[in-house]
Amino acid sequence: MSDQDNPSTDFIRQIIQDDLKSGKHNEIVTRFPPEPNGYLHIGHAKSICLNFGIAQEFGGRCHLRFDDTNPAKEDTEYVDSIIEDVRWLGFDWGDNLFYASDYFEQLYDWAVTLIETGKAYVDDQNAEEISKGRGNLQTPGTNSPYRDRPAEESLKLFKEMREGKYGDGEKVLRAKIDMAHPNMNFRDPVLYRIAHAHHHRTADKWCIYPMYDYAHGQSDALEHITHSLCTLEFEHHRPLYEWFVENIDVPATPRQIEFARLNLTYTVMSKRKLLQLVSENHVSGWNDPRMPTLSGMRRRGYPAEGIRNFCHHIGITKYQSTHDVGVLENEVKQVLNRDALRFMAVLDPIKVIVTNYPEDQVEEMDAVKNPENPDLGTRKVPFCRELYIERDDFMEDAPKKFFRLKPGGEVRFRCAYWLKCEEVIKDDTGEIQELHCTYDPDTRGGENPPDGRKVKGTIHWVSARHAVDAEVRVYDRLFKKENPDAAEGSFLDHLNPNSIEVKTAKLEPALADVEIGETVQFERLGYFCVDIDSTEDTKVFNRTVPLRDSWAKIAGKS
RNA sequence: AACCCCGUGGUGUAACGGUAGCACAACAGAUUUUGGUUCUGUUUGUCAAGGUUCGAAUCCUUGCGGGGUUGCCA
């Protein structure tokens, strides 16, 4: 199943189709414009899939542009991670890699023109005065005392601002629009501020930096972007975006269209909060497998295809919805079910002795690598007298619907034999030590015996003599609340204290060959990805997502 | 009570004036050497009231509800 089966027909794509049909545009150009001040998350994936997806579907192109107009918050570390993440997601911008800082000179020249034509002025007020002068939602603002200073004076001051004559905050350049406008963005927005800060690309060349509103539309125009797609919070900025495009002699007229940003249950998405999780060590880093970042999901074992399919299926609207994280997990599971190789691993082992199995014998059992793709063939799994099974797969006082191992009961050991539990060995405290079982030689490979006996359950196992130890990190949701943002108190109050559980597991030996970054299925348990923390001696696995567990549901009910 | 945007099952999303469909979730069953997968079926919806129309989720009006906007962040 692929994305292409059902082409999207959201309102943005409809606008684009109309623009193509009417001849307004012959080629579609979009852009993904992150600010390099943090790591990309699943919300960005929605925007990436939208912008790059549209370029692919309509035979256009999509630029990657770093919106690097605020040196105080930005860093090359973020530039590098963003490039890596977009590539990993599966998109390519060819030669179209740009930076807003590439346009600083041109933006400066246009600002000069705005001053010359009386559409901008240098304001000497400080931030507080400007804020006060702007009025509020009910009351109009008042003009700055510097609003009507002669253009030549503003020109001189603006030049001096650039030359570094003033300190941070001493002066700003403002557009001269309307201090009583109902849209606050029109109350003489700031175009340039002074910031004596080191920029990760332009170094110390500049000490004045353009604001988002002033830089973004012009950058779009310079790149001949046809459709500038952004999230809903920029709706009020669109008229200003258009004002600049109209009042400046730009080479193209891009159109801004807004869509709803992605919200997911059981997580937070704001960069500020994600940064806080990292800096206060609630997680191990931006790429912690519990983070909604692309690097976290990659490390968790989410395939890029699953994320792309998710973004495709949630669609694009203006309705501020919250998607169930289960939908994402479902897309991930679909891809993994198709692709992941199957292995057996025991996370919470209990020993089984096969009392009637020869002490020194070892058999290599054949096990299918992936039932969804039988062409992949089989692997060998060693079977001997001592095994491990999952503690959950045995119950002394089992309910009727418990199809696994119980005293006197018989189950199939996957791809091996049918075993019957003869004796339960306990220690002084009553804790189960080991199980003594007998096997039926007529069931080799797990086949049905000739006498027509039936068995309800099949459980996984690992040979105790051949097992490889590994660390397994079992992850759960990072937050306990569906919406940690809306819940009472700080979002940090709702962190799930059990979002990670570390176990030492017993693996079948073939698992030793799985490489870092690969995701496999531990049969009956879930999907697990080899983590970068793995060493020569010990592999580390992250649980990507558990398999559906309908027994847990039945057990939970009774 | 300024201005702007948005209201379709539990959660999302389609239907472009003409049979309210799909996915996830839930429930029931079938298949199964993973209580996985797959397959079949069931339950649940157009925020409200008016209006236009042969016909309204769709167009209009009003109300109600949700969100956004008062950075020298993006």
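Note that the coordinates shown come from a computational prediction; the quantities given were computed from them, not determined experimentally. Computation of the quantities below employed the complete heavy-atom set of this structure, encompassing side-chain atoms and omitting hydrogens, waters and symmetry-equivalent molecules. Labels below follow one simple rule: chain letters A, B, ... track the order of the sequence lines, proteins then strands, and each chain is numbered from 1.
- Remark: C1' of B/A25 and CD of A/Glu331 are 14 Å apart, rounded to the nearest angstrom.
- The residue A/Asn183 sits apart from the nucleic acid: no heavy atom pair falls under 4.0 Å.
- Between the P atoms of B/U44 and B/A20, the separation comes to 15 Å (whole Å).
- Judged as a ring-ring contact (aromatic ring centres under 6.0 Å, His included), and not counting sequence neighbours, A/His460 has no contacts.
- Listed nucleotides: B/C72, B/G36, B/G35. Nearest to the side chain of A/Val190: B/C72.
- Nearest nucleotide to the A/Met184 side chain, out of B/A2, B/A74, B/U70: B/U70.
- Ring geometry for A/Phe234 against A/His237 counts as perpendicular: the plane angle is over 60°, on a 0 to 90° scale with 30° as the lower cut.
- Within the 4.0 angstrom heavy-atom criterion, base atoms lie near A/Pro371.
- Listed by chain and residue number, nothing satisfies the salt bridge (charged side-chain N to carboxylate O under 4.0 Å, His left out) test with A/Glu390 (two or more places apart in sequence, or in another chain).
- Close to B/C27, at under 4.0 Å from its OP1 or OP2, lies a side-chain N or O of A/Lys553.
- Helical stems involving RNA chain B, defined as 3 or more consecutive Watson-Crick or G-U pairs under 3.5 Å, span B:2-7 with B:64-69, B:10-13 with B:21-24, B:26-30 with B:38-42, B:47-51 with B:59-63.
- Considering only residues two or more places apart in sequence or on other chains, A/Lys406 meets the salt bridge (charged side-chain N to carboxylate O under 4.0 Å, His left out) condition with none of them.
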Inset, instruction - Let me see the working for A/Met297 and A/Leu328 under side chain to side chain contact (heavy atoms under 4.5 Å, CB included), right down to the final yes or no. - result: CA-CA 11 Å; A/Met297 290 181 171; A/Leu328 205 211; 3.7 Å; yes
Inset, instruction - For nucleotides 8-15 of chain B, just jot down a letter per nucleotide in 5' to 3' order: B, S or -, based on protein non-hydrogen atoms under 4.0 Å. - result: S--SSSSS
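- If you check B/U33, B/G36, B/A74 against the side chain of A/Glu35, the one that comes closest is B/A74.
- Scored by the ring-ring contact (aromatic ring centres under 6.0 Å, His included) test, A/Phe104 finds A/His199, A/Trp206, A/Tyr209 as partners (sequence neighbours excluded).
- If you check distances only, the side chain of A/Glu372 does reach the base of B/G36 with a donor-acceptor pair under 3.5 Å.
- Within 4.0 Å (heavy atoms only), A/Arg412 reaches at least one base atom of the nucleic acid.
- Neither OP1 nor OP2 of B/C72 sits under 4.0 Å from any side-chain N or O of A/Ser131.
- For A/Glu235 and B/U69, a side-chain-to-base donor-acceptor distance below 3.5 Å is absent, hydrogens and geometry of angles not being considered.
- Going from atom CG of A/Asn185 over to atom C1' of B/C5 covers 14 Å, rounded to whole Å.
- Look at the C1' atom in both B/G9 and B/C24: the space between them is 12 Å, to the nearest Å.
- For A/Arg134, a side-chain nitrogen or oxygen approaches OP1 or OP2 of B/C72 to under 4.0 Å.
- Residue side chain A/Arg342 reaches the base of B/U34 through a donor-acceptor N/O pair under 3.5 Å, judged by distance alone.
- Side-chain contact annotation: A/Arg548 with A/Asn330, donor-acceptor N/O pair under 3.5 Å absent.
- Of the P atoms belonging to B/A28 and B/G68, the separation is 40 Å, rounded to the nearest Å.
- Comparing B/U69 with B/A74, their P atoms are spaced 16 Å from each other, to the whole Å.
- Taking the C1' atom of each, B/G21 and B/U58 are spaced 15 Å apart, rounded to whole Å.
- Remark: A/Lys456 is not in phosphate contact with B/U33, judged by side-chain N or O atoms under 4.0 Å from OP1 or OP2.
- In this structure, a donor-acceptor pair under 3.5 Å is present between the side chains of A/Glu258 and A/Gln256.
- When the ring-ring contact (aromatic ring centres under 6.0 Å, His included) test is applied to A/Tyr192, the partners found at least two apart in sequence or on another chain are A/Phe158, A/Tyr214.
- Side-chain proximity of A/Ile130 to the nucleotides B/C73, B/U70, B/C72 is greatest for B/C72.
- As judged by a 4.0 angstrom heavy-atom cut-off over every strand, A/Glu128 is placed among residues making no nucleic acid contact.
- Within the nucleic acid shown, A/Lys401 comes within 4.0 Å of at least one base atom, counting heavy atoms only.
- Annotation: B/A15 and B/G7 have their P atoms spaced 12 Å apart (nearest Å).
- In this structure, A/Met211 reaches the sugar-phosphate backbone alone: every heavy-atom distance under 4.0 Å involves primed, P, OP1 or OP2 atoms, never a base.
- Going from the C1' atom of B/U8 to that of B/A48 covers 15 Å, rounded to whole Å.
- When the C1' atom is compared between B/C47 and B/A57, the two are found 12 Å apart, to the nearest whole Å.
- Using a 4.0 Å heavy-atom cutoff across all strands shown, A/Glu447 reaches at least one base atom of the nucleic acid.
- In this structure, A/Arg193 reaches the B/C73 phosphate: one of its side-chain N or O atoms is under 4.0 Å from OP1 or OP2.
- Among the atoms of the strands shown, base atoms are found under 4.0 Å from some heavy atom of A/His237.
- Look at CG on A/Asp188: it is 14 Å from P on B/G71, rounded to the nearest Å.
- For the salt bridge (charged side-chain N to carboxylate O under 4.0 Å, His left out) test, residues two or more places apart in sequence or in another chain that qualify with A/Arg174 are A/Asp123.
- Between A/Tyr78 and A/Trp286, the ring planes lie perpendicular to each other; the angle is over 60°, past the 30° to 60° tilted range.
- With sequence neighbours left out, the salt bridge (charged side-chain N to carboxylate O under 4.0 Å, His left out) criterion links A/Lys401 to no other residue.
- Across all strands shown, A/Asp213 has no heavy atoms under 4.0 Å from either base or sugar-phosphate atoms.
- Counting heavy atoms of neighbouring residues, nucleotides and ligands inside a 6.0 Å radius, atom CD of A/Glu163 exceeds 12 of them.
- Residue contacts for A/Phe413: at a heavy-atom cut-off of 4.0 Å it reaches no nucleic acid atom on any strand shown.
- Taking for each of A/Tyr527 and A/Glu233 the nucleotide of RNA chain B with the nearest heavy atom, the 5'-most of the two is the partner of A/Tyr527.
- Judged by atom type and distance alone, A/Arg404 reaches the base of B/G35 through a side-chain donor-acceptor pair under 3.5 Å.
- Nearer to the 5' terminus of RNA chain B, by closest-nucleotide assignment, is the contact made by A/Gly445 (compared with the other of A/Gly445 and A/His216).
- Using a 4.0 Å cut-off, some side-chain N or O of A/Ser550 falls inside it from OP1 or OP2 of B/G36.
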